[in-house]
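Data block below; observations after.
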Amino acid sequence: MDREVPTYNGVAPGISMAMGPVTDMDIDKPTTNGHAAGSKRKASLGKGKSYKDDSDDDDVPLTKRRKTADSDSDSEDDKPLVKKVIKPVEATAHQIGEDSDDEVPLGVKLQETKAKIEKAAEKEAVKLRKEDKVAESKKKSKKKSSDDDDDDVPLKKKAKPAAKTNGTKKVKKEDSDDDDVPLVKKAPAAKKGKAEAAIPKKKGKKDAESPGNEDAEPEEEEYRWWEDTAKGDGTKKWSTLEHNGVIFPPEYEPLPASVSLFYDGKPVKMHAVPEEIAHAFGAMLNSTHNVENPTFQKNFMEDFREALKQNGGAKDKKSGDKVDIKHFDKLDFQHIFNHVDAERQAKKALSAAEKKQKKAEKDALEAPFLYCSWDGRKQKVGNFRVEPPGLFRGRGEHPKTGKWKKRVSPEQITINIGKEAMVPAPPAGHKWKEIKNDNEGTWLVMWQENVNGNYKYVMLAANSDVKGQSDFKKFEKARELKKHIDKIRKDYHRELKSDVMAERQRATAVYLIDQFALRAGNEKGDDEADTVGCCSLKFEHITLRKPDTVIFDFLGKDSIRFYSEVKVDPQVFKNLKIFKRDPKQDGDDIFDRLTTSALNKHLSNYMPGLTAKVFRTYNASFTMATLLKEMKKAPNAAEQMKDYNDANRKVAILCNHKRTVGAGHATQMEKMDTKIDGMRYQQWRLKQMMLDLDDKLKKKRGAAFFELPEGITQDWIKEHQASLTEAEKVKITKKFEKENEKLEAEDQKAMKPKELESRLEVIKELESKFKKENKTGKIEAEGKGATVERFESQIEKLEQRIAVARVQSEDRENNKEVALSTSKINYIDPRLTVVFCKKFGVPIEKPFSKTMREKFDWAIKSVDEDWEF
DNA sequence: TCAAATACTTAGGAGGACGTCC
DNA sequence: GGACGTCCTCCTAAGTATTTGA
């Protein structure tokens, strides 16, 4: 039974959309976003293993428990714990202070740097608490003046706003419980009606993206929320909210008759529903890590076959006979891929004008969805496009990777909007799942996806006020942690020896989170990739090497490998040994008495809102702050940026932010090496020319100066000479051909091959020169007015170029698998970067791209160079 | 108390835009 | 102006953390 793909219009004028039949949500039993179905305890105990000694006497002092074979070392438990700093040893997750040029052994160097940073943090914490006390007593003594001050945000006193405020008039106190005070200054509520027309403009921002809005609307006053101290308690996010909903993806366009999926060598035809799934697979044929993954293939096959079953199966295109598609190996997607690729190329080949035209059409279509009105302010919406159907690209060994992510229908979509606002119309013939007026949420639209049952949200863009505010809060929270970090560290060092197992595990976990920037590690379900964080570390993820080295080796978020060999506090080493004690084995939790909730609950005792993830933000920003503080002025902005990136890289390494090494990396490195060697060879030649002018120099400068550079051999020279002459030959030939083409285009007579021959004479001369040099071992001084001084200056210039190239090469190598952007976007307080720019006179455009400058607008406008994290 | 539901941040990769070099 | 490499933006997966409800 063939069915037409249902099509309907209505959300965006002019766009047609297709969705699957409107059923009652094609959603598998949801597993929820990232939450395990089973409990943590089940993970280690469910297999019938007994930890009787541990579980039965949780609260029995560990010292009274049975001794193990390692009792010797355990007996040291009761010795006073000497506070030690960690000593990471490898170029892995903890390379703070790494310095490849340094003579000091890496481990020692790292230890020193980390110790310095920790010591500084401790000192700072004491100082901050002192300052707080003084401030508090001052406050008490002049209570009445409290509403004049704006230093309500902790630590804000250090931040002197660089620019004059033109923001909203300050309302008083921060901790106002008054829910009715709008989060942002209330602007006149937009009229009911076409929402996009009601969305006011933001001052100073070009509005090219919203073509419908270009006429003379009054510009909105910039709202400097970071100077507004009356931000409520954060529960109520908005008072009025207007938006136009979402754009649905275009309908599926069936393949032309000439293009087919092949099965067992024969072209087959099928209904659009299964064809769309096959099309998706064919389109991603170049993504080998997906299409060659057996799980991906298996899941794809299951869903593809199911879709075929539901839609009349497949038929031989020629005979019309039924084809039972059973085996993945017999499928051939190449024709589909070629078709998709041709379409891509055609799109690429469009003229500039055509591309412009297409873009204009797309922009016009999307314009109504770009912005919303949030408390009367025009705010950019982040992801207003409903995710198109496709094959789920779960990362790593995700058990569901390759499953078909179905087309989302309006009936699955919940709209969150202000009570007074006009609800966007669903596509004709459809209705929304639900309309909500939840002003405690920041999302505008929500639906549930069918593969994992995950919730998908449409929220505001990163440069919106509300996202900026939560970013600001996040960094303020991390700064707040500075005041408590010394106490927290003292406490966990003490509790590492606690008699209560749960407490000891907790202390050990906090130690790891603090020292090695591990993530919390929530429990995961069986239908997710097997990745872990701190609390979910398993037996096999940690190897202990006496006396105090821990080797972490596990897959973290996004299945990125975390490998690190580090020296730890001896008590941590002992604890981990205990947590791994028999009968635990592979698959069992290291921290079987600890959950992320318990850990976070404990942390919140130190400071409201303190959770495991705050440590990552704190350590990243604090490290960056320390490195920037130590930074010296560089001769120019480029070198200053290199220093900045080096600091950024240290933070990225701390956070284990990685990227896959680009395909061309090795070739690039080789190229750079060859380039450097070429320059060194050139230097050597110049030195020989110096000798040619004055053979006494050898005695004067010492023979070593004139020797062949290390690694440059006679064989290498011959090879290099050959490649030099070849490159020159190619260059001359290409130039000749181009000139001829030009002549022909101008209807002139082309040059004869003889001309090329004569031009290539120089190559012959070059070759014979090299030959002579190689034979005699002498290099004649070249150039008019050759002098020793001139050659020396040329050598010096080459030396500089070599140095620059070496730095670049090293930089590239060091950076090949480190992603800097993640830490810059999420972990390093942007105000630190602003301070860096101001202090060293570097334009903000250097470290922050346009999008980042918009996202961190609040930071750029709120600090001067004296600001400290 | 626990699992499920919910809402948000953090993450790497794909692909297009942009800049540089020849 | 085309080839090539790099940077930037978009996309959406994959985490964390809190809230809800049985």
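Here the structure is a predicted model, which is why all the values come from computation and not from measurement. These numbers come from the heavy atoms of this one structure, side chains and all, not from hydrogens, waters or symmetry mates.
A donor-acceptor contact closer than 3.5 angstrom links the side chains of A:Tyr644 and A:Thr833. A:Glu528 and A:Asn452 are not linked by any side-chain donor-acceptor pair at a separation below 3.5 angstrom, with hydrogens and angles left out of the test. A donor and an acceptor atom, one from each side chain of A:Lys474 and A:Thr617, are nowhere located under 3.5 Å apart.
Side-chain atoms of A:Lys557 lie closest to C:dA14 of the nucleotides C:dA17, B:dA7, C:dA14. The nucleotide whose nearest atom lies closest to any side-chain atom of A:Lys237 is, among B:dG13, B:dC8, C:dG15, B:dC8. For A:Phe392, whose side chain is taken as the heavy atoms from C-beta onward, the closest listed nucleotide among B:dC8, C:dA14, B:dG12 is C:dA14. For A:Lys474, the listed nucleotide lying nearest its side chain is B:dT10; candidates were C:dA13, B:dA7, B:dT10. Of the candidate nucleotides C:dT9, B:dA7, C:dG15, B:dA7 has the atom nearest to the side chain of A:Tyr457. Each of B:dT9, C:dT18, C:dC11 was ranked by its minimum atom distance to the side chain of A:Thr611; first place goes to C:dT18. Checked against B:dG12, C:dA17, C:dT9, the side chain of A:Lys850 finds its nearest nucleotide in C:dT9.
Proximity of A:Asn826 to the phosphate of B:dT9: no side-chain N or O atom is located under 4.0 Å from OP1 or OP2. Checking the phosphate oxygens (OP1, OP2) of C:dA17, no side-chain nitrogen or oxygen of A:Thr596 falls inside 4.0 Å. Of the side-chain N and O atoms in A:Lys405, one or more sit less than 4.0 angstrom from OP1 or OP2 of C:dA13. OP1 or OP2 of B:dT10 has not a single side-chain nitrogen or oxygen of A:Arg519 nearer than 4.0 Å. Side-chain N/O atoms of A:His398 include one lying less than 4.0 angstrom from OP1 or OP2 on C:dA14. Between A:Asn522 and C:dG15, a side-chain N or O to OP1/OP2 separation shorter than 4.0 Å is absent. Residue A:Ser597 places no side-chain N or O under 4.0 Å from the OP1 or OP2 atom of C:dA17. Between A:Ser849 and C:dC7, a side-chain N or O to OP1/OP2 separation shorter than 4.0 Å is absent. Under 4.0 angstrom from either OP1 or OP2 of B:dT9 there lies no side-chain N or O belonging to A:Tyr827. Phosphate contact (OP1/OP2 of C:dA14, side-chain N/O of A:Thr531, threshold under 4.0 Å): absent.
Computed from coordinates, the A:Lys348 NZ to B:dA17 C1' distance equals 12 Å when rounded to whole Å. Between the NZ atom of A:Lys855 and the C1' atom of C:dC10 there is a distance of 14 Å, given to the nearest Å. Remark: P of C:dA14 and CG of A:Asn452 are 7 Å apart, rounded to the nearest angstrom. When rounded to the nearest whole Å, the span between CZ of A:Arg616 and P of B:dT10 equals 9 Å. For A:Leu594 and B:dC2, the CG to C1' distance is 16 Å, given to the nearest whole Å. Atom CH2 in A:Trp447 sits roughly 10 Å away from atom P in C:dA13 (whole-Å rounding). The separation between A:Met284 atom CE and C:dC11 atom P is 17 Å, rounded to whole Å. Distance NZ (A:Lys359) to C1' (C:dT9): 12 Å, rounded to an integer number of Å.
With a 6.0 Å radius and a threshold of 12 heavy atoms from other residues, nucleotides or ligands, A:Lys356 has its NZ atom at or below the threshold.
Nucleic acid contact class of A:Ala612 (heavy atoms, under 4.0 Å, all strands): sugar-phosphate only. When heavy atoms are screened at a 4.0 angstrom cut-off, A:His289 is found touching the sugar-phosphate backbone but no base atom. Across all strands shown, A:Thr442 has heavy atoms under 4.0 Å from sugar-phosphate atoms exclusively, and none from any base. Note on A:Met852: nothing from the nucleic acid sits closer than 4.0 angstrom, heavy atoms only. Residue-level contact check: A:Gly394 touches the backbone only, with heavy atoms under 4.0 Å from sugar-phosphate atoms and none from bases.
Side-chain atoms of A:Lys658 and A:Val818, non-hydrogen and from C-beta on, never get closer than 4.5 Å to each other.
When each of A:Gly556 and A:Gly609 is assigned the nucleotide of DNA chain C with its nearest heavy atom, A:Gly556 is the one assigned upstream, toward the 5' end. Between A:Leu610 and A:Pro388, the residue anchored nearer the 5' end of DNA chain C, judged by the nucleotide with its closest heavy atom, is A:Pro388. Each of A:Lys467 and A:Ile560 has a nearest nucleotide on DNA chain B; the 5'-most of these lies closest to A:Lys467. Where A:Ser470 and A:Thr822 each meet DNA chain B at their nearest nucleotide, the meeting point lying more 5' is that of A:Ser470.
For C:dT16, its base never sits under 3.5 Å from the side chain of A:Lys613 at any donor and acceptor pair.
Between the side chain of A:Asn450 and the backbone N or O of A:Lys406 there is at least one donor-acceptor pair closer than 3.5 Å. Within the 3.5 Å criterion, the main-chain N or O of A:Ile415 finds no donor-acceptor partner in the side chain of A:Trp443.
Scanning for salt bridge (charged side-chain N to carboxylate O under 4.0 Å, His left out) contacts around A:Asp558 gives A:Arg395, with sequence neighbours left out.
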